[in-house]
A.B. asks: 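Dropping a structure here in structure tokens format, bear with me for questions.
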Amino acid sequence: QVQLVESGGGLVQAGDSLRLSCVASIRTFSSYAMGWFRQAPGKEREFVAAISRSGSSTTFADSVKGRFTVSRDNAKNMVYLQMNNLNAEDTAVYYCAASSGSYLLRRSANWAYWGQGTQVTVSS
């Protein structure tokens, strides 16, 4: 049974930074690509960032490129999303996801396991 639990969300002001964390209860954590998605009210869930199994490769949505970074610690079964220079358009529920497939796949359907989400609200 795979479980993902996100933390670190909150209310911040535009221009602030926030770091989200996700802990995974996966015995072979390093066998999974890890990703972050978000869903704003009234919108579909969208891809934000992903990291390869080893952590050596990452990919980002254009809307966050240059502001967000993603990292992982395979020894701790943790993945992180560092978000800098936040703006109101970043307001959403952020989800951690795991996939046995490629970290380059951006459709939600390609990611098998999901956390419950953490709310990020950016006030302008």
A.B. asks: Which atoms form the tightest heavy-atom contact between Ala14 and Ser124, and what is the distance?
C.D. replies: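 That closest heavy-atom pairing would be CB-CA, 4.2 Å.
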A.B. asks: Is there a side-chain contact between Met83 and Arg67, using heavy atoms and a 4.5 Å cut-off?
C.D. replies: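 No. Closest side-chain heavy atoms not under 4.5 Å.
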A.B. asks: On the ring face of Trp111, is Arg45 found with NZ or CZ under 6.0 Å from the centre and within 45° of the axis?
C.D. replies: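 Not satisfied by the 6.0 Å and 45° rule.
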A.B. asks: Please answer whether the main-chain N or O of Ser52 pairs with a side-chain N or O of Ser57 as donor and acceptor at a distance below 3.5 Å.
C.D. replies: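 No.
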A.B. asks: Measure across Ala40 and Ala92 and return the closest heavy-atom pair with its distance rounded to 0.1 Å.
C.D. replies: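 Scanning both residues, the minimum pair turns out to be N-CB, 3.8 Å.
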A.B. asks: Measuring only between side-chain heavy atoms, which start at C-beta, is Phe68 closer than 4.5 Å to Trp36?
C.D. replies: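 Phe68 vs Trp36: side chains apart.
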A.B. asks: Has Glu6 got a side-chain atom pairing as donor or acceptor with Cys96's backbone, closer than 3.5 angstrom?
C.D. replies: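 Yes; judged by distance alone, with no hydrogens or angles, the pair exists.
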A.B. asks: Which heavy atom of Ala49 sits nearest a heavy atom of Leu81, and at what distance?
C.D. replies: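 Nearest pair, atom of Ala49 first, then Leu81: CB-CD1, 4.1 Å.
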A.B. asks: Are Leu18 and Val48 in one and the same hydrophobic cluster, where Ile, Leu, Val, Met, Phe, Trp and Tyr link if side-chain heavy atoms are under 4.5 Å apart?
C.D. replies: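 Shared cluster, yes.
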A.B. asks: Measuring only between side-chain heavy atoms, which start at C-beta, is Val79 closer than 4.5 Å to Val70?
C.D. replies: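 Sidechains of Val70 and Val79: in contact.
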A.B. asks: Given side chains that start at C-beta, do those of Val2 and Trp114 come closer than 4.5 Å, heavy atoms only?
C.D. replies: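 No, too far: nothing below the 4.5 Å cut-off.
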A.B. asks: Measure across Val122 and Asp90 and return the closest heavy-atom pair with its distance rounded to 0.1 Å.
C.D. replies: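 Reported closest heavy-atom pair: CG2-CB, 4.4 Å.
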A.B. asks: Where do Ala33 and Gly101 come nearest, in terms of heavy atoms and distance?
C.D. replies: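 What the structure gives for the nearest pair is CB-O, 3.7 Å.
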A.B. asks: Atom OG of Ser123 and atom CG of Leu86: how far apart are they, to the nearest 0.5 Å?
C.D. replies: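 One finds 10.5 Å between OG of Ser123 and CG of Leu86.
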A.B. asks: Transitively linked via ILVMFWY side-chain contacts under 4.5 Å: Ile26 with Met78?
C.D. replies: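 No, it is not one cluster - the side chains of Ile26 and Met78 are not joined through contacts under 4.5 Å.
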A.B. asks: Hey, does the side chain of Asn77 reach the backbone of Ala24 with a donor-acceptor pair shorter than 3.5 angstrom?
C.D. replies: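 At least one qualifying donor-acceptor pair exists.
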A.B. asks: Do Arg53 and Tyr103 make a side-chain contact, defined as non-hydrogen atoms from C-beta onward lying under 4.5 Å apart?
C.D. replies: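 No - every pair of side-chain heavy atoms lies 4.5 Å or more apart.
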A.B. asks: With side chains defined as the heavy atoms from C-beta onward, is the minimum distance between Cys22 and Tyr80 less than 4.5 Å?
C.D. replies: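 Cys22 does not reach Tyr80 side chain to side chain.
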A.B. asks: Counting N and O atoms only, with roles assigned by atom type, does the side chain of Arg106 sit under 3.5 Å from a partner on the main chain of Phe60, one being a donor and the other an acceptor?
C.D. replies: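 The answer is yes, because a donor-acceptor pair under 3.5 Å joins these two groups.
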A.B. asks: Same cluster for Phe37 and Val64 if Ile/Leu/Val/Met/Phe/Trp/Tyr side chains link at under 4.5 Å?
C.D. replies: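 Each belongs to a different hydrophobic cluster.
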A.B. asks: Could you check whether any side-chain heavy atom of Gln82 comes within less than 4.5 Å of a side-chain heavy atom of Ser71, counting everything from C-beta outward?
C.D. replies: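 No - every pair of side-chain heavy atoms lies 4.5 Å or more apart.
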A.B. asks: With clusters defined by side-chain heavy atoms of hydrophobic residues (ILVMFWY) lying less than 4.5 Å apart, directly or transitively, does Val12 cluster with Tyr94?
C.D. replies: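 Per the 4.5 Å side-chain linkage, Tyr94 and Val12 are co-clustered.
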A.B. asks: Just so I know, are the side chains of Leu4 and Met34 near enough to count as touching, which here means a heavy-atom distance under 4.5 Å?
C.D. replies: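 They are in contact (side-chain heavy atoms under 4.5 Å apart), so the answer is yes.
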A.B. asks: If you compare all heavy atoms of Asn74 against all heavy atoms of Ser30, which two are closest, and at what distance to 0.1 Å?
C.D. replies: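 Nearest heavy atoms, Asn74 then Ser30: ND2-CB, 3.5 Å.
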A.B. asks: Quick check for you: to the nearest 0.5 Å, what is the distance between Gln119 atom CD and Arg38 atom CZ?
C.D. replies: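 Going from the CD atom of Gln119 to the CZ atom of Arg38 covers 12.0 Å.
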A.B. asks: Check whether Ser99 reaches the backbone of Asn110 with its side chain - one donor and one acceptor, N or O, closer than 3.5 Å.
C.D. replies: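 The answer is yes, because a donor-acceptor pair under 3.5 Å joins these two groups.
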A.B. asks: Would a distance-only check, ignoring hydrogens and angles, find a side-chain to backbone donor-acceptor pair under 3.5 Å from Thr58 to Ile51?
C.D. replies: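 Pair absent, no side-chain N/O of Thr58 close to backbone of Ile51.
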A.B. asks: State whether the side chain of Arg72 and the backbone N or O of Phe29 hold a donor-acceptor pair below 3.5 Å, judged by distance alone.
C.D. replies: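 Answer holds: yes.
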